[in-house]
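Take a look at the structure below.
Heavy-atom basis, side chains included; hydrogens, waters and symmetry copies ignored.
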Number of protein chains: 2
Amino acid sequence: MKPTIYDIAREAGVSIATVSKVINNTGRIGDKTKQKVMKVMKELDYQPSIVASALTGKRTHTIGLLIPDIANPFFAEIARSVEDMGNELGFSVMMCSTDNNIDKESKYISLLEQKRVDGIIIATGTRNTDVLQNLLKKKLPIALIARDLPSLPVDTVLVDDYMGGYEATSHLISLGHQKISIIAEDLKVMSSKERIRGYRQALEDHGMEYDEEQIHVSDFTIEGGREVAATILAENNPATAIFACNDLLAMGVIQAAREIGVEIPSDLSIIGFDNTILASLCDPPLTTIAQPIQDMGKQVVELLVKEIKQEKQSKQRVVLMPSLEVRNTTSDNTKNLV
Amino acid sequence: MKPTIYDIAREAGVSIATVSKVINNTGRIGDKTKQKVMKVMKELDYQPSIVASALTGKRTHTIGLLIPDIANPFFAEIARSVEDMGNELGFSVMMCSTDNNIDKESKYISLLEQKRVDGIIIATGTRNTDVLQNLLKKKLPIALIARDLPSLPVDTVLVDDYMGGYEATSHLISLGHQKISIIAEDLKVMSSKERIRGYRQALEDHGMEYDEEQIHVSDFTIEGGREVAATILAENNPATAIFACNDLLAMGVIQAAREIGVEIPSDLSIIGFDNTILASLCDPPLTTIAQPIQDMGKQVVELLVKEIKQEKQSKQRVVLMPSLEVRNTTSDNTKNLV
DNA sequence: ATGAAAGCGCTAACAG
DNA sequence: CTGTTAGCGCTTTCAT
């Protein structure tokens, strides 16, 4: 069996209270006893049980990370930065892929509560406000990343989606495109709405017409992007540029274009969003709006941990700026220059 | 405060033992009391504390997953399948990215022990046999995925790397390539050795010369692949085909080739290993050796959980077959046909 | 400076 | 069929 605090106490000839104190470096213990206890702990390869410690009201030092899918490069990258920062601050992270499914989400959250995690970071897109509201009531610290729920008083870290949408569209416009389609993820999700708003504003600022018809909705899969793009390209007088609201969608657009022989970027310009590893590897490399993933992950964890340690009273929203990453899927709209 | 078993007991007018029994569905309890208790649990939104339950010797229903990097698509995909299967069997997974760093690995393992995880799945590549040996001694269930440690009696799920190396090389040979380089991950790691052995055997079976000079070593990063490939392509009479031991490496090779104007596949054929999402998205799409990731993840979890539940006595090795996925980075070696 | 003891929320005999 | 009770390993007053 694993040695317990009793074994250490016995072996060191002290009480368990003393051992506990040296473990936690609390109270006052003589230097000799301290050394002695530490020595015994080493010898017996003793590891305090976090489970037992948590039962007495201390933290579990574990946080939950709710994301749509860990196999999605964008979220995998977020997960990595969350894990790194969490680890640095002494927290392990439990991963929960919800597929944006409301049931899975609830189930996972309930599970995390049972396991008494110290806090939860949420990146999933469901508009599951009730469950979150509930968490809030229970005082379970939560923080949002890459996701916005303005109605909820929670720490949030995200990119300025409106700005991103604006920049993406402006880039396309500056290249001479007159008909620009947008493929959004989900009209009900805030970030999606904001990107569309940015798209619209850019159009209007440049005196171009905003046409509802050009708004297409898909999900966050390659397949989804492929299908929608196929529809768009099959139109009579198809758009010469497509703004895909995430890189995965953009991959789908590239595939769809390739399938019907549409050249990128000469026949069709494409811009994505996220700047995942895919953007630099696909063919041709994708022009996209970059999110500062590392920074975002780092900041949510910091916020959440402060919340956990009750080192702060007010909730915060930190909005980071996205940036345009020009690669090879966008170019002058030569067709219209003829 | 969260309601405890005492709250339920009081509210339902029974003892905590009774409540415990209805929670775990053990012992015999009258139907009425059962209903009553369940009703109260619902009303108070009671969730049994897994922490407390674990302290009494029951499982934590949590497993650790040690991988080099969750942001690496191959491991992210593994993680997803592990998470899904784990979830299905009632286990949460804690993610641990070690960067193949021996210290991080030890630290994470120690942490997982403290948190009393029920078992650990290991996919990291360090030859950290001591730590594992230790785990084995402590009877902590562990299982290996995509990784082989023949000296250790542990459940293992992997692909036949030798076969994969053989197929990859044979494919290249069948295309007429006479000079084939291989970029391996780490000569000390079993899977790497096996892939090289397969490469060598294929060469010999086809009456071709095996040349140590053609074995190059890198890591598992794009950058690493790029650098090594640059070296290879800068040789006097460079290889006409490269077998990159993982997809990431292959991405680097593609980049290196592009940088110096070497056409793929006409000037250079490339084959990867893993068949991650990258393989289908890069440009040109990568011919590669596919690992049945879903199946692998599913099977390790099953093995580990059986081990945890002590439903099996003997350790097992399951070796799955890889398969060749032909895409566009390999073609006839036309040069030599001239 | 150190120890005794109560208690965290739950499980598992053992009684009744 | 249900309740009493003794832990599980640790933290935390409160004495000494």
Side-chain angles (χ1 to χ4, degrees), chain A residues 1-38 40-41 44-62 110-118 138 140, chain B residues 1-38 40-41 44-62 110-118 138 140:
Chain A
M1 285 303 300
K2 286 182 90 63
T4 73
I5 200 170
Y6 286 94
D7 299 318
I8 306 299
R10 185 174 357 91
E11 214 60 32
V14 298
S15 77
I16 60 165
T18 303
V19 177
S20 176
K21 279 166 194 151
V22 355
I23 294 174
N24 300 293
N25 208 352
T26 55
R28 319 169 29 71
I29 8 78
D31 215 47
K32 279 183 189 168
T33 6
K34 187 172 193 168
Q35 297 310 322
K36 174 94 194 218
V37 170
M38 301 223 289
V40 176
M41 294 199 300
L44 273 57
D45 187 24
Y46 171 69
Q47 297 166 305
S49 161
I50 293 188
V51 169
S53 144
L55 190 55
T56 74
K58 307 204 66 168
R59 318 217 152 83
T60 53
H61 289 277
T62 302
S110 169
L111 204 56
L112 291 173
E113 285 185 85
Q114 284 198 37
K115 301 208 168 164
R116 301 297 188 263
V117 297
D118 296 329
K138 293 180 185 166
L140 212 186
Chain B
M1 286 302 303
K2 286 181 89 68
T4 72
I5 200 172
Y6 286 95
D7 300 318
I8 306 300
R10 183 172 3 88
E11 213 61 32
V14 299
S15 77
I16 58 165
T18 303
V19 177
S20 176
K21 278 166 195 152
V22 355
I23 293 174
N24 301 292
N25 208 353
T26 55
R28 320 169 28 70
I29 7 76
D31 214 49
K32 280 183 187 168
T33 7
K34 187 171 192 169
Q35 296 311 323
K36 172 96 194 217
V37 171
M38 303 222 289
V40 176
M41 296 200 298
L44 272 57
D45 189 24
Y46 169 70
Q47 298 165 304
S49 161
I50 293 188
V51 169
S53 146
L55 189 56
T56 73
K58 306 206 67 169
R59 320 220 149 83
T60 53
H61 289 280
T62 302
S110 169
L111 203 58
L112 291 173
E113 285 184 85
Q114 284 197 39
K115 301 207 169 165
R116 302 294 187 267
V117 296
D118 295 330
K138 292 179 184 166
L140 211 186

In whole Å, I'd like the distance from the [atom1] atom of [X] to the [atom2] atom of [N].
{"X": "A:Gln114", "N": "C:dC10", "atom1": "CD", "atom2": "P", "answer": "10 Å"}
{"X": "A:Lys115", "N": "C:dG9", "atom1": "NZ", "atom2": "C1'", "answer": "17 Å"}
{"X": "B:Ile5", "N": "C:dC10", "atom1": "CD1", "atom2": "C1'", "answer": "6 Å"}
{"X": "A:Ile23", "N": "D:dC10", "atom1": "CD1", "atom2": "P", "answer": "6 Å"}
{"X": "A:Lys2", "N": "D:dG9", "atom1": "NZ", "atom2": "P", "answer": "11 Å"}
{"X": "A:Arg116", "N": "C:dC8", "atom1": "CZ", "atom2": "P", "answer": "14 Å"}
{"X": "B:Lys58", "N": "D:dG9", "atom1": "NZ", "atom2": "C1'", "answer": "18 Å"}
{"X": "B:Gln47", "N": "C:dG9", "atom1": "CD", "atom2": "C1'", "answer": "14 Å"}

Can you tell me which nucleotide in [options] comes closest to the side chain of [X]?
{"X": "A:Thr56", "options": "D:dT2, C:dG7, D:dC8", "value": "C:dG7"}
{"X": "A:Leu55", "options": "D:dG9, D:dT11, C:dT11", "value": "D:dG9"}
{"X": "B:Ala17", "options": "D:dT4, D:dC10, C:dG9", "value": "D:dT4"}
{"X": "B:Thr18", "options": "D:dT2, C:dG9, D:dT11", "value": "D:dT2"}
{"X": "A:Val14", "options": "C:dG3, C:dT2, D:dC10", "value": "C:dG3"}

Return whichever of A:Ile50 or B:Ile29 has its heavy-atom-nearest nucleotide of DNA chain D closer to the 5' end. B:Ile29
Should [X] and [Y] count as side-chain neighbours, where that means a heavy-atom distance under 4.5 Å?
{"X": "B:Val37", "Y": "B:Lys21", "answer": "no"}
{"X": "A:Lys58", "Y": "A:Asn24", "answer": "yes"}
{"X": "B:Lys138", "Y": "A:Asp45", "answer": "yes"}

Distance test, side-chain N/O of B:Ser53 to OP1/OP2 of C:dG9, below 4.0 Å: no
According to a strict under-4.0 Å criterion, is B:Ser15 in side-chain N/O contact with OP1 or OP2 of D:dG3? yes
Could you tell me whether the side chain of A:Lys115 and the main chain of B:His61 form a donor-acceptor pair under 3.5 Å? yes
Treating B:Thr60 as the side-chain partner and B:Ala54 as the backbone partner, does any N or O pair qualify as donor plus acceptor under 3.5 Å? no
Base, sugar-phosphate, or nothing for [X], non-hydrogen atoms under 4.0 angstrom?
{"X": "B:Gly30", "result": "sugar-phosphate"}
{"X": "A:Thr26", "result": "nothing"}
{"X": "A:Lys21", "result": "base"}
{"X": "A:Ser20", "result": "base"}

Is any NZ, NE, NH1 or NH2 atom of the basic residue among A:Asp7 and A:Arg10 found under 4.0 Å from an Asp or Glu carboxylate oxygen of the other? yes
base_contact_polar (D:dC8 base, A:Tyr6 side chain, donor-acceptor, <3.5 Å): no
